[in-house]
Amino acid sequence: MNETAQHPEKDTLSKAYEFAEVERRWYARWLDDKTFSARMDKDKPAFSIVIPPPNVTGVLHIGHALNNTLQDLLVRYHRMKGDNTLWVPGTDHAGIATQNVVERQLASENLSRHDLGREKFIERVWAWREEKGGTIINQLKRMGASCDWERERFTMDEGLSRAVREVFVRLYREGLIYKGDYIVNWCPRCHTALADDEVEHEPTDGKLYHIRYPYADGSGFVVVATTRPETMLGDTAVAVHPDDERYQHLKDIGISLPLTDRTIPVVFDHHVQREFGTGALKVTPAHDRDDYEIGLRHDLPRLKVIDDKGVMNEAAGVYAGLDRFACRKKVVEDLQALGMLDRIEDYQHAVGKCYRCFEVIEPTTSKQWFVSVRPLADKAVAAVQEGRIKIYPNTWYRTFYAWMDNIRDWCISRQIWWGHRIPAWTCQGCQQLVVEVDPPQVCPFCGSASLHQEDDVLDTWFSSALWPFSTLGWPEKTRELATFYPTSVLITSFDILFFWVARMMMMGLHVMDEVPFHDVYLHALVRDKFGKKMSKSTGNVIDPLVMIQQYGTDAFRFTLTAFAAQGREIRMDEERIDGYRRFINKLWNAARFAQMHLSEADPGITALAAEPASLALPHRWILSRLNATINDVRAALDGYNFNEVASANYQFVWHEFCDWYLEWVKADLFSDDPAARDQARAVLLTVLEQVLKLMHPIIPFVTEEIWSRLPGERGSIMVESFPETRSAWEDPAAETVMNLLMGVISGLRTIRTEAEVHPSAKIDVLLLCPDADKRALLGEHAAALQAMVRAGSLAIEADGTVPDDAGHALMQDVELVVPLKGLIDVVGELEKLAREQGKLDKDLARILAKLGNDQFMANAPAAVVAKERDKEAEVRVRLGKTLESVERLNKLR
RNA sequence: GGGCGAAUAGCUCAGCUGGGAGAGCAUCGGCCUUACAAGCCGAGGGUCACAGGUUCGAUCCCUGUUUCGCCCACCA
């Protein structure tokens, strides 16, 4: 019976790694086996991450891909370490974005949300969510994300909605939420306030109108400039800079506002830029954000002259009823008629437009709900200052503090329908405001049953600010909360540090009285290889799903990991993905090679590697290098140096394990000596097992697939323990010896190549070395040396003469001599030697200058001085040998 | 205007507390050597943006300059 029949899964590995089938098969298996499910063992440390919830309308982009790869990397690492590991997935209801999607759908049916009414509309959004909301979740699965999917949450879930209401009511009762007038970005067409990031600023050609504002006493006038003359009807002051000498005389003078019968004051405010225009600024607190601030500082009245539809109201006097742009025209004409229009100039400026309908935004005051963030922000700042929350990379601390210092109250109300409706009711009887977690049946003040709930919903960020504890079941006192809160680390993109991260800190510290996470890792934005932002219009978008299809998920994940260096923007280059695909393939083939030499019969063979002292040199060497790699990888993971995780693995697997170790032990594997064979097989399997585990967090699929095909009874690699360093493996002596041998081999190969010796031709090698110990060592490994350089003969001597027509090189104190009758490129060699000599001369001069410098000798550490002395000796020897070679070659000319 | 970051091989990037710089890709040369041509072996290639300073010693620390990128504010 052949092995294939016995182990149907363990048939010979195909020559190239077929990722598509492997990925599909293993992900399904992981789900079936519930390997992603969190455990809550009492005696284990906890590691938890809550996913930055993507918008439910979202489609996986490369930022998500990076973000989730890094999270999965850490989650898989900690799971293998045996921690109670939880990664909570979920999506965000994304108020405006989602409402938009459904409104567009309605529009195609010639319906508006008003046609449906609030209740029906919301039903429709939920229906949309049921049907289409899972897109991004499925895409995350294709990335290999090992989230605990049974705990998937949605910010509009019943439980999370309750958390939102609880927090709202609590903050309201503490006086930290209030309702007040504020200036907002108002879209007169959509009839809602917009968040700042929902306003698109577009450079627009406009006019700058210079208007004369006469003094009330008739003694003169001041000229102010504006792009929106209609707003002058709502002016309640003129502002100048306090230090502006031109306007000191205006201190006690009133301004007679043209087109109205009002007299307004002049105020002095640092905000005014003296250089702009005339240095005098008209102040319209009800229709301009800055003016609003100035108004607050000087206690100015707010006179609203434009209504919610963009039409002038009765406060605009004779202009009432005019559309704001019609009014602008009329105001300009009237001013002109009065001789008050100084001049008009063309002016390009940024006009804020609604990102949905492109209507020009009208800043206006309206009743909105706010969070008083100062006391909350102070807690967050304190937590960061005290190191209870650490931020990686640390360059963000300054930015964080600066932003928190200047933080303004947070407007949390939105005039849309999709979201958490504000849990506040106005009693139609007594007009009192009732704020409750659950809808009140009657007014607690007057007993009236007629209560009207606020129409506004909460800013989406309000619910996401609660995400770290609302997803764990708060306000219930759950086991999850006790086990996993605070979460371990938050991994997110830096652009939502303030929108989201800071607010989670504030809410977590205030509501839970505990940080929401211990660490914050902020990764960069992924750009194209030229550093440009990826955008559909530029056409430089790299679609993760296409990359997965083309190169495989593992290669893509490895690339993202390799690019994730701290504190730098990421320039994604598709060629790199292809490079890492080759790496995956390399690993695959190394495993194939191993499999050829391993059998089902002896899975316990790896025990040999546990006692490395008795093993031959290459085995001790690779185990020592493995040990160093384990150490490096763990340190890099613990310090969030993801790129180093990737490079340490890459370097070890390809260049040490494959290039040197596998080549070196081929002789042993094919040897007749069973002891040599067993050693090689034991270490080969050991190292392979370790690197698979080491890399599983980055490249879960290929490692799992190879793992399953290795000999012995094997469960999922996901539940194997992550590699740990072992002092028995550490072997600096073996590394030193191997470094010498590898140097000798490389040197001999170079000689071969430069003399254009055909790779299959054998050479004769003479090694000259004065050191008897080294000669012994070289002799010990003569067979390997001969095999690695294809030498027909190998002689090792203490001293000897170098034939004139020999290739020659020096490795430490070993002279490499390869007689090559007539094959030496004399001229080329001489040129090379001349370059070499020049370099050595320079080096020697520099070293001698250093050693001759009293200051250096007095101040430099002894180790550095000793190193320079060693260098001097080495350079002198090499120089001597170089000159000998030149002499030799000159005879051949 | 304020802040942050970057500048290292042709390209994309490492280089973590100062002791004469590395990788991958690309280039050039040679190889189908019993895991892998998606591979192997070798080679070439850098005044570490510029100018000062600190230091025995600077890619690294400090100051300034230039170029590029980002963030915040503002553009009445």
Side-chain angles (χ1 to χ4, degrees), chain A residues 13 15-17 201 203 208-209 224-228 231 239 271-273 276-278 280-284 288-291 347-350 393 395-396 398-399 402-403 406 494-495 497-498 524-525 527 529-533 562-563 565-573 575-576 578-597 635-636 639 641 643-644 647 650-651 654-655 658-659 662-663 666 670 746 749-754 756-760 787 789-790 832 842-843 846-847 850 853-861 863-865 867-868 871:
Chain A
L13 274 65
K15 199 167 172 181
Y17 173 54
H201 291 273
L208 189 60
Y209 303 89
V224 299
T226 180
T227 53
R228 296 187 300 150
T231 62
H271 168 78
V272 179
Q273 313 242 325
F276 191 93
T278 59
L281 167 69
K282 63 188 275 303
V283 182
T284 323
D288 184 279
R289 180 163 291 226
D290 290 314
D291 294 3
Y347 189 69
Q348 200 194 52
H349 61 133
T395 48
W396 287 101
R398 284 180 75 141
T399 316
W403 192 78
N406 298 319
F494 68 81
D495 53 343
L497 176 59
F498 307 121
L525 245 45
R527 301 166 174 282
K529 68 171 172 175
F530 305 108
K532 288 224 166 60
K533 239 177 183 167
F563 268 117
Q566 287 189 16
R568 198 169 174 134
E569 66 184 22
I570 296 173
R571 298 191 185 198
M572 177 53 62
D573 182 356
E575 281 182 26
R576 286 281 293 270
D578 192 51
Y580 290 121
R581 179 185 55 92
R582 291 164 199 237
F583 174 66
I584 306 285
N585 195 57
K586 184 78 179 174
L587 175 68
W588 179 257
N589 276 291
R592 274 182 71 209
F593 175 74
Q595 201 195 33
M596 290 173 187
H597 295 279
N641 292 308
N643 59 317
E644 290 179 19
S647 66
Y650 186 97
Q651 176 65 26
W654 199 316
H655 299 302
C658 291
D659 286 354
L662 292 186
E663 294 303 325
K666 270 179 183 171
F670 287 104
S746 292
R749 283 172 174 170
T750 304
I751 291 171
R752 286 187 66 116
T753 305
E754 289 187 347
E756 292 181 12
V757 176
H758 193 274
S760 59
V789 300
R790 298 204 158 225
K832 200 179 140 195
K842 239 172 91 181
D843 282 355
R846 197 183 54 236
I847 292 164
K850 254 190 187 181
N853 181 335
D854 294 340
Q855 300 276 21
F856 174 76
M857 299 304 283
N859 293 315
V864 174
V865 176
K867 203 171 149 195
E868 290 299 320
K871 266 195 231 165

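These numbers come from the heavy atoms of this one structure, side chains and all, not from hydrogens, waters or symmetry mates. Every value quoted in this text rests on a predicted model; they were computed, and no experiment measured them. Throughout, a chain's letter reflects where its sequence line sits, starting with A, and its residues are numbered from 1.
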Whole angstroms only, please: what is the [atom1]-[atom2] distance between [X] and [N]?
X: Q855(A); N: C56(B); atom1: CD; atom2: C1'; answer: 6 Å
X: R752(A); N: A43(B); atom1: CZ; atom2: P; answer: 14 Å
X: H758(A); N: G30(B); atom1: NE2; atom2: P; answer: 11 Å
X: W396(A); N: G3(B); atom1: CH2; atom2: C1'; answer: 11 Å
X: L662(A); N: A35(B); atom1: CG; atom2: P; answer: 10 Å
X: E644(A); N: A14(B); atom1: CD; atom2: P; answer: 11 Å
X: E663(A); N: U33(B); atom1: CD; atom2: P; answer: 12 Å
X: N585(A); N: C36(B); atom1: CG; atom2: P; answer: 11 Å

[N] versus [M] - spacing of their [atom1] atoms, nearest Å:
N: C16(B); M: G52(B); atom1: P; value: 26 Å
N: U66(B); M: A73(B); atom1: C1'; value: 25 Å
N: A14(B); M: A23(B); atom1: P; value: 16 Å
N: C68(B); M: C75(B); atom1: C1'; value: 24 Å
N: G19(B); M: C11(B); atom1: C1'; value: 31 Å
N: C62(B); M: U17(B); atom1: P; value: 12 Å
N: C60(B); M: C48(B); atom1: C1'; value: 10 Å
N: G20(B); M: C4(B); atom1: C1'; value: 31 Å

Can you confirm whether [X] sits close enough to [Y] that some side-chain heavy atom of one is under 4.5 Å from a side-chain heavy atom of the other?
X: R228(A); Y: T231(A); result: yes
X: K850(A); Y: M857(A); result: no
X: R592(A); Y: M596(A); result: yes
X: K586(A); Y: C658(A); result: yes
X: D659(A); Y: W654(A); result: yes
X: F593(A); Y: L662(A); result: yes

Subject >> Phosphate contact (A43(B) OP1 or OP2) by K832(A) side-chain N/O below 4.0 Å >> reply: no
Original post:
So, is T227(A) close to the C75(B) phosphate, meaning a side-chain N or O under 4.0 Å from OP1 or OP2?
Top reply: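 The answer is no; no side-chain N or O of T227(A) sits under 4.0 Å from OP1 or OP2.
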Within the 4.0 Å heavy-atom criterion, would you say [X] contacts the bases, only the backbone, or no part of the nucleic acid?
X: S746(A); value: sugar-phosphate
X: S760(A); value: nothing
X: D578(A); value: nothing
X: T750(A); value: sugar-phosphate
X: I584(A); value: nothing

Which of the following nucleotides, [options], is nearest to the side chain of [X]?
X: D659(A); options: C41(B), A35(B), A38(B); result: C41(B)
X: N853(A); options: A43(B), A35(B), C56(B); result: C56(B)
X: P759(A); options: C31(B), C36(B), C56(B); result: C31(B)
X: F494(A); options: A35(B), A38(B), C70(B); result: C70(B)

Looking only at non-hydrogen atoms, find the nearest pair between [X] and [Y] and report the distance.
X: D291(A); Y: L281(A); answer: OD1-CD2, 4.4 Å
X: T227(A); Y: L208(A); answer: CG2-CD1, 3.8 Å
X: K871(A); Y: I847(A); answer: CB-CD1, 3.8 Å
X: P759(A); Y: R752(A); answer: O-NH2, 3.1 Å

**OP:** Heavy atoms under 4.0 Å is the rule here; annotate nucleotides 19-29 of chain B 5' to 3' with B where the base is hit, S where only the sugar-phosphate is, and - elsewhere.
**Re:** BB---SS---B
**OP:** Using heavy atoms to find the nearest nucleotide of RNA chain B for K666(A) and T399(A) separately, return the residue whose nucleotide is more 5′.
**Re:** T399(A)
Subject >> First of E754(A) and H597(A) reached from the 5' end of RNA chain B, by closest nucleotide >> reply: H597(A)
**OP:** Kindly express the pairing pattern of RNA chain B in dot-bracket notation, using | wherever a base pairs with another strand and counting only Watson-Crick or G-U pairs under 3.5 Å.
**Re:** (((((((..((((.....[..)))).(((((.......))))).....(((((..]....))))))))))))....
Original post:
When you measure from the side chain of R581(A) to the backbone N and O of R576(A), does any donor-acceptor pair fall under 3.5 Å?
Top reply: no
Original post:
Is a side-chain N or O of N585(A) found less than 3.5 angstrom from the main chain of Y17(A), in a donor-acceptor match?
Top reply: yes
